[in-house]
Amino acid sequence: MTTLTADLKKNNKKVPVRGMMDNVMEQFNSASDYIGLHPNIRKILSITNNEIIVNFPVKMDNGEVEIFQGYRVQHNNALGPYKGGLRYHPTVDIDAARALAMWMTWKTSLAGLPYGGGKGGIKIDPSKYSQAELERITRRFTFALADNIGPEHDIPAPDVNTNSQTMAWIADTYMSTRPPAERTANQHVVTGKPDGSGGLEGRDRATGYGVYLSIKFWAEKNNEPLVGKKFIVQGFGNVGYWAAHFLEKDGAQLVAVQDAYGSIENQKGINVEDLFNYIKVNEGSIVDFPNAKTIDKDKFFALNCDICIPAALGNQITKQNAPKIKATLIAEGANGPTNVEGEKILIDRGITVIPDILCNSGGVVGSYFEWLQNRNGEIWQLEDVMAKLDKKMKESFNKVFDYAKNEGIDMRTAAFCIAIQRIEKAYIQRGIFP
Ligand SMILES: NC(=O)C1=CN([C@@H]2O[C@H](COP(=O)(O)OP(=O)(O)OC[C@H]3O[C@@H](n4cnc5c(N)ncnc54)[C@H](O)[C@@H]3O)[C@@H](O)[C@H]2O)C=CC1
Ligand SMILES: O=C(O)CCC(=O)C(=O)O
């Protein structure tokens with residue numbers, strides 16, 4: 001079977017060793033083998049539908065012009081419009097965008113949403129730019145993407161280093177390109193907007209809440225109380241913070257955190273809100289938080305804990321650190337944090353992984369609610385949002401848990417099988433493949 005990665009290798013294109021594409025393709029191929037996926041459908045799902053690369057100029061505060069490169073990859077839309085976040089990070093490239101777009105296709109399918117998968121972003125270190133520059137960069141990026149996005153075609157959302165403010169700029173720029181009578185009818189071109197500008201109350205916490213719920217459901221299935229469980233979190237941004245917030249509320253104890261700037265530990269407990277308030281006045285960094293000691297970056301995953309939540313970047317749990325992990329549960333807040341080699345070791349060691357496409361799907365479910373709210377001209381209440389999210393996460397968790405148990409397979413393979421089978425069914429029903 002020729003895969004996209006194999007094609008790229010054949011053509012001598014630069015493919016990072018065990019990059020995220022290798023990971024997502026191995027996960028996809030192994031689940032497709034398991035279910036005996038129709039070879040024609042495997043061919044379609046092994047490639048991306050569209051890949052948009054834009055270079056655009058932006059005037060900096062000092063009057064100089066800088067050129068930026070932005071990406072939007074649309075993997076598959078068999079089930080509905082492309083959906084997925086925009087990331088601003090130096091590691092963003094076409095390979096990362098492809099892999100992340102593919103994960104979105106499986107995630108939206110597993111969650112039973114009427115969406116396909118897309119992802120994109122800009123290769124940029126946003127900490128080097130002023131807020132005014134970031135606004136101009138975002139607006140020019142939106143303008144460069146033009147009709148490649150749209151509320152019924154491709155709907156971006158926040159990801160690493162983008163937030164509700166970024167989404168408000170995108171919505172505003174996109175709407176200003178529409179004819180006057182259509183402008184406000186287009187606000188669902190992005191989700192994750194501020195709640196005063198068409199955003200959904202609760203979208204900010206939706207991903208972290210979903211991570212917490214996944215852990216809670218796993219604990220219930222195993223008759224394990226959450227009270228007193230020690231957990232560590234890599235990434236204390238939107239996903240990591242909210243997951244920690246809800247876990248702490250339920251009696252679990254945060255004992256270590258790693259972010260882009262450093263790593264801290266206190267086995268007696270780190271207060272989540274204190275740390276959150278600290279980073280607000282410390283340029284977003286956990287470094288030198290008073291109630292914890294600084295630890296070596298490479299020791300982080302080997303720390304003493306029950307639950308480990310990677311909520312930052314991909315390829316963090318690998319064959320190097322997987323043998324040393326003490327947690328008995330990995331709850332993947334990030335996309336692709338565990339690579340295939342690392343996961344084999346975890347499985348052999350009896351460590352459960354709640355896979356990203358299930359564990360962090362609360363975010364895109366929240367986005368779906370926002371999209372419906374905008375489309376129908378409604379304003380949803382926070383308590384209704386949280387109750388609906390709870391229900392949706394429980395349905396997905398039970399589907400995956402039961403499938404894995406009945407088939408005697410790991411939860412990631414089970415999640416992929418369910419996701420792929422839903423897309424396969426759509427293609428077969430359309431009569432493309434007799
Ligand atoms: N925001 C959302 O709704 C969703 C996000 N995700 C995934 O969750 C992960 C985190 O996203 P957000 O919380 O939104 O991003 P964010 O930008 O709010 O936070 C990212 C966090 O990761 C840390 N970080 C960055 N590089 C790091 C490194 N090399 N080592 C350790 N920590 C590092 C940052 O310092 C920050 O604390 C990403 O993988 C994203 O794709 C998944 C589903 C939805
Ligand atoms: O909310 C969304 O549309 C997608 C969020 C996202 O990028 C993700 O789930 O990885």
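Atoms within a ligand are numbered from 1 in the order they appear, just like the ligands themselves.
- With hydrogens and angles disregarded, a donor-acceptor distance shorter than 3.5 Å links the side chain of R422 to the backbone of S109.
- The side-chain contact (heavy atoms from CB on, under 4.5 Å) test applied to R349 returns I325, I345, I351, not counting sequence neighbours.
- Of all protein heavy atoms, the one closest to atom 1 (O) of ligand 2 is S367 OG, 2.5 Å.
- Each of the following atoms of ligand 2 lies closer than 4.0 Å to a heavy atom of N335: 10 (O).
- When ring centroids are compared, Y82 and H153 come within the 6.0 Å threshold.
- Classification of E224 and K229 as a salt-bridged pair holds, one side-chain N sitting under 4.0 Å from a carboxylate O.
- Between K107 and ligand 2, at least one N/O pair is under 3.5 Å apart.
- Close approach of ligand 2 to G85 is summarised as follows: ligand atoms under 4.0 Å from at least one heavy atom of the residue are 4 (C), 6 (C), 7 (O).
- For E332 (side chain) and P310 (main-chain N/O), no donor-acceptor pair under 3.5 Å exists by modelled atom type.
- Taking a cutoff of 4.0 Å between a charged side-chain nitrogen and a carboxylate oxygen, E370 and R203 do not qualify as a salt bridge.
- Using the six-membered ring where Trp is involved, W242 and H245 have ring planes that are perpendicular, over 60° apart on the 30 and 60° scheme.
- In this structure, R203 counts as a contact residue of ligand 2, since one of its heavy atoms falls inside 4.0 Å of the ligand.
- In this structure, K326 does not pair ionically with D306, as no charged nitrogen and carboxylate oxygen lie closer than 4.0 Å.
- Using a 4.0 Å cut-off to heavy atoms of D159, the atoms of ligand 2 that qualify are 7 (O).
- Residue K299 places its NZ atom among 12 or fewer non-hydrogen atoms of other residues, nucleotides or ligands, all under 6.0 Å distant.
- At least one heavy atom of G363 sits closer than 4.0 Å to an atom of ligand 2.
- At a 3.5 angstrom cut-off on N or O pairs, I155 does not count as close to ligand 2.
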Are there any protein N or O atoms under 3.5 Å from the N or O atoms of ligand 1? List them with distances, or say none.
{"from": "ligand 1", "atom 1": "3 (O)", "to": "R203", "atom 2": "NH1", "distance (Å)": "3.3"}
{"from": "ligand 1", "atom 1": "3 (O)", "to": "R203", "atom 2": "NH2", "distance (Å)": "3.0"}
{"from": "ligand 1", "atom 1": "3 (O)", "to": "T207", "atom 2": "OG1", "distance (Å)": "2.7"}
{"from": "ligand 1", "atom 1": "8 (O)", "to": "G333", "atom 2": "O", "distance (Å)": "3.4"}
{"from": "ligand 1", "atom 1": "13 (O)", "to": "N238", "atom 2": "N", "distance (Å)": "3.2"}
{"from": "ligand 1", "atom 1": "13 (O)", "to": "V239", "atom 2": "N", "distance (Å)": "2.9"}
{"from": "ligand 1", "atom 1": "17 (O)", "to": "N161", "atom 2": "N", "distance (Å)": "2.8"}
{"from": "ligand 1", "atom 1": "18 (O)", "to": "N238", "atom 2": "N", "distance (Å)": "2.9"}
{"from": "ligand 1", "atom 1": "32 (N)", "to": "A260", "atom 2": "N", "distance (Å)": "3.3"}
{"from": "ligand 1", "atom 1": "35 (O)", "to": "A260", "atom 2": "N", "distance (Å)": "3.0"}
{"from": "ligand 1", "atom 1": "37 (O)", "to": "F236", "atom 2": "N", "distance (Å)": "2.9"}
{"from": "ligand 1", "atom 1": "37 (O)", "to": "G237", "atom 2": "N", "distance (Å)": "3.4"}
{"from": "ligand 1", "atom 1": "39 (O)", "to": "R87", "atom 2": "NH2", "distance (Å)": "3.4"}
{"from": "ligand 1", "atom 1": "39 (O)", "to": "A312", "atom 2": "O", "distance (Å)": "2.6"}
{"from": "ligand 1", "atom 1": "39 (O)", "to": "N335", "atom 2": "N", "distance (Å)": "3.2"}
{"from": "ligand 1", "atom 1": "41 (O)", "to": "R87", "atom 2": "NH2", "distance (Å)": "2.9"}
{"from": "ligand 1", "atom 1": "41 (O)", "to": "D159", "atom 2": "OD1", "distance (Å)": "2.6"}
{"from": "ligand 1", "atom 1": "41 (O)", "to": "D159", "atom 2": "OD2", "distance (Å)": "3.3"}
{"from": "ligand 1", "atom 1": "41 (O)", "to": "N335", "atom 2": "ND2", "distance (Å)": "2.8"}

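- Electrostatic pairing of R178 and D147 counts as a salt bridge here, judged by a charged N lying under 4.0 Å from a carboxylate O.
- When hydrogens are left out, the protein atom nearest atom 3 (O) of ligand 2 is K83 NZ, 2.6 Å; that is the closest non-hydrogen contact.
- Of the protein's non-hydrogen atoms, the one nearest atom 7 (O) of ligand 2 is K119 NZ, 2.7 Å.
- Of the options V353, I309, I354, I307, a side chain to side chain contact (heavy atoms under 4.5 Å, CB included) to I330 is made by V353 and by none of the others.
- In summary, D390 and K216 do not engage in a salt bridge, as defined by a charged side-chain N under 4.0 Å from a carboxylate O.
- Applying the 4.0 Å criterion to heavy atoms of M104 picks out, from ligand 2, the atoms 4 (C), 6 (C), 7 (O), 8 (C), 9 (O), 10 (O).
- Residue-level proximity to ligand 2 for V364 is carried by backbone and side chain together, each with a heavy atom below 4.0 angstrom.
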